[in-house]
Protein chains: 2
Amino acid sequence: MPAHAQTSTAAVVAAGRRLLEERGADALTMRDVADAVGVRAPSLYKRVRSRSDLFRLVLEDVTDELAAASEAAAASGDPVTDLRAIVTGYRAFAHAHPVAYALLAAPHTDGADERARRSSAVLMRAVTALTGTTDALPAARTIVAWANGFLAMELAGAFRLGGDVERAWAFGLDRILAAIQRGDGTG
Amino acid sequence: MPAHAQTSTAAVVAAGRRLLEERGADALTMRDVADAVGVRAPSLYKRVRSRSDLFRLVLEDVTDELAAASEAAAASGDPVTDLRAIVTGYRAFAHAHPVAYALLAAPHTDGADERARRSSAVLMRAVTALTGTTDALPAARTIVAWANGFLAMELAGAFRLGGDVERAWAFGLDRILAAIQRGDGTG
DNA sequence: ACCTGAACACCGTTCAAGT
DNA sequence: ACCTGAACACCGTTCAAGT
């Protein structure tokens with residue numbers, strides 16, 4: 001009589017994501033994930049290929065959720081309003097899931113391209129509406145680089161020395177939104 | 001007769017940095033560092049408190065070198081020229097030491113503040129000359145966030161999907177330098 | 001078909017014993 | 001004073017054996 005499945009890939013990924021966020025990347029061990037889903041560590045290998053594969057699945061889950069949030073945020077039809085909503089959504093997501101967000105900047109494994117394309121599609125659409133097609137790609141890379149860099153530094157505590165972090169965020173967002181729409185041919 | 005020292009903290013840190021850059025963060029093991037300096041792993045604990053302490057020392061070494069490069073790069077006296085030189089220097093450093101640079105964005109331990117202040121002093125001076133004191137802090141955070149974010153994405157391969165990365169870099173740098181000097185009161 | 005304990009080759013780290 | 005081998009408590013992962 002075949003043994004019944006005690007868990008599922010989805011449950012393993014969910015447990016991994018919870019452990020990652022609550023106790024950090026180093027605490028995401030196969031034994032602790034197994035404990036969380038009620039099996040022994042070797043059984044996890046029926047669900048995931050390896051620990052790094054589990055890590056990849058967890059980050060894909062995070063990416064999917066971030067993409068869905070972006071899609072929901074960009075609903076006004078006005079490109080500047082939508083871009084503000086998308087980027088503000090990034091920040092809210094980063095604050096809600098700091099460990100996972102910080103890891104999204106880590107080197108991608110093969111196969112992450114399609115997901116990256118999807119997660120940036122909403123932003124590309126708003127940027128293209130703002131700048132036209134010629135500047136859209138470098139403009140999108142500018143705003144995403146700034147947002148990711150700012151949030152990475154914020155999550156890492158690099159702004160602890162003082163000053164007003166909220167003002168720095170508003171300043172950067174205002175200036176960059178204004179800067180990418182100037183069609184002065186420097187791009 | 002006391003045993004003679006076979007290595008030094010400097011040699012341990014240098015070996016750790018070499019291993020980190022050549023084989024990645026996971027390959028920086030105490031046993032491999034010990035091999036590289038000609039002792040056994042337990043002897044390393046006479047030089048560093050722990051593996052994470054060694055990691056911190058390695059990243060401080062990297063930070064010092066980056067700060068020195070920035071100081072050397074900012075020599076023209078013109079703030080825009082200096083800022084371009086500093087940020088271009090960040091990129092050259094990131095390309096030369098990709099593993100270490102990617103780790104500089106990681107969460108800081110206590111005591112890293114003074115080093116962070118030193119490494120950003122040159123940039124703060126150029127930004128202040130460009131924007132005046134009122135906007136200097138948010139303006140500096142905007143350009144550093146963009147540069148760090150861009151380089152993190154570049155090193156992570158996030159730009160593999162196509163387009164001209166060099167153009168995106170030039171576009172972002174041009175637009176941000178122009179944007180932070182506009183004194184329009186939005187900051 | 002999935003689950004398990006035992007085992008393997010690793011880790012970081014400690015410590016008593018050597019010189 | 002520093003170095004060492006042995007040992008400890010962990011890892012990820014494999015695998016034969018159970019149901």
Side-chain angles (χ1 to χ4, degrees), chain A residues 1-61 99-100 103 106-111, chain B residues 1-61 99-100 103 106-111:
Chain A
M1 194 213 230
H4 284 352
Q6 311 276 7
T7 185
S8 65
T9 303
V12 168
V13 171
R17 187 167 165 187
R18 206 177 318 119
L19 262 172
L20 174 71
E21 201 56 69
E22 287 172 6
R23 304 212 270 121
D26 287 349
L28 192 129
T29 68
M30 297 302 270
R31 283 169 175 87
D32 281 357
V33 171
D35 268 3
V37 298
V39 297
R40 301 292 190 169
S43 297
L44 293 181
Y45 293 83
K46 293 284 168 185
R47 310 295 168 193
V48 299
R49 212 183 305 269
S50 63
R51 179 179 183 265
S52 68
D53 187 48
L54 172 54
F55 232 95
R56 181 183 59 76
L57 291 170
V58 167
L59 292 186
E60 283 181 6
D61 195 61
V99 180
L103 287 172
H108 294 301
T109 48
D110 296 328
Chain B
M1 192 213 234
H4 283 353
Q6 312 276 7
T7 186
S8 65
T9 304
V12 168
V13 171
R17 188 166 164 190
R18 207 178 317 121
L19 262 170
L20 174 71
E21 201 55 69
E22 288 173 3
R23 307 212 266 121
D26 287 348
L28 191 126
T29 68
M30 297 302 269
R31 283 169 174 86
D32 281 356
V33 171
D35 267 3
V37 299
V39 298
R40 300 292 190 169
S43 297
L44 293 182
Y45 292 83
K46 292 285 169 185
R47 311 295 169 192
V48 298
R49 213 182 304 268
S50 62
R51 179 179 183 264
S52 68
D53 187 48
L54 172 55
F55 232 94
R56 182 182 57 76
L57 292 170
V58 166
L59 292 185
E60 282 180 7
D61 195 61
V99 180
L103 287 172
H108 294 300
T109 49
D110 296 328

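Excluded from the calculations below are hydrogen atoms, water molecules and symmetry mates; all remaining heavy atoms, backbone and side chain alike, are included.
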Checklist outcome for this item: Between NZ of A/Lys46 and C1' of C/dC3 the distance, given in whole Å, is 9 Å
Next on the checklist: Is there a side-chain contact between B/Ser43 and the phosphate of D/dC2, meaning an N or O under 4.0 Å from OP1 or OP2?
Outcome noted: no
Checklist outcome for this item: The correct set of residues in residues 15-26 of chain A placing a heavy atom under 4.0 Å from DNA chain C is none
Item to check | Residue list, side chain to side chain donor-acceptor pair (under 3.5 Å) with B/Asp53, at least two apart or on another chain | outcome: B/Arg56
Next on the checklist: Is any side-chain heavy atom of B/Leu20 closer than 4.5 Å to one of B/Leu103?
Outcome noted: yes
Checklist entry - Pairs counted as Watson-Crick or G-U wobble with both distances under 3.5 Å: what dot-bracket string results for DNA chain C, using | for bases tied to another strand? => result ||.|||||...|||||.||
Checklist entry - Excluding sequence neighbours, so at least two apart, what forms side-chain contact (heavy atoms from CB on, under 4.5 Å) with A/Arg47? => result A/Ala5, A/Thr7, A/Thr9, A/Val12
Next on the checklist: In whole Å, I'd like the distance from the CZ atom of B/Arg40 to the P atom of D/dC3.
Outcome noted: 13 Å
Checklist entry - With A/Ala34, which residues qualify under side-chain contact (heavy atoms from CB on, under 4.5 Å), at least two apart? => result A/Val39, A/Ala41, A/Leu44
Next on the checklist: Could you work out, with side chain to side chain donor-acceptor pair (under 3.5 Å) as the rule, every residue matching A/Ser50, not counting sequence neighbours?
Outcome noted: A/Ser52
Checklist entry - Tell me, for nucleotides 8-16 of chain D in 5' to 3' order, what letter each nucleotide earns: B for a base near a protein heavy atom under 4.0 Å, S for only sugar-phosphate near one, - for neither? => result ---BBBBB-
Item to check | Residue pairs involving residues 8-23 of chain A (criterion salt bridge (Lys or Arg N to Asp or Glu O under 4.0 Å); sequence neighbours excluded) | outcome: A/Arg17-A/Asp61, A/Arg17-A/Glu65, A/Arg23-A/Asp32
Next on the checklist: By the salt bridge (Lys or Arg N to Asp or Glu O under 4.0 Å) test, which pairs, at least two apart or in different chains, include something from residues 3-12 of chain A?
Outcome noted: none
Item to check | Rounded distance (Å) that lies between atom P of D/dA1 and atom NE2 of B/His4 | outcome: 13 Å
Checklist entry - Sequence neighbours excluded, which residues qualify as side-chain contact (heavy atoms from CB on, under 4.5 Å) partners of B/Arg40? => result B/Pro42
Checklist entry - Which heavy-atom pair separates B/Gly16 from B/Val33 by the least distance, and what is that distance? => result CA-CG2, 4.2 Å
Next on the checklist: Looking at every non-hydrogen atom in both residues, tell me the closest pair between A/Val99 and A/Gly24 and how far apart they are.
Outcome noted: CG1-CA, 4.4 Å
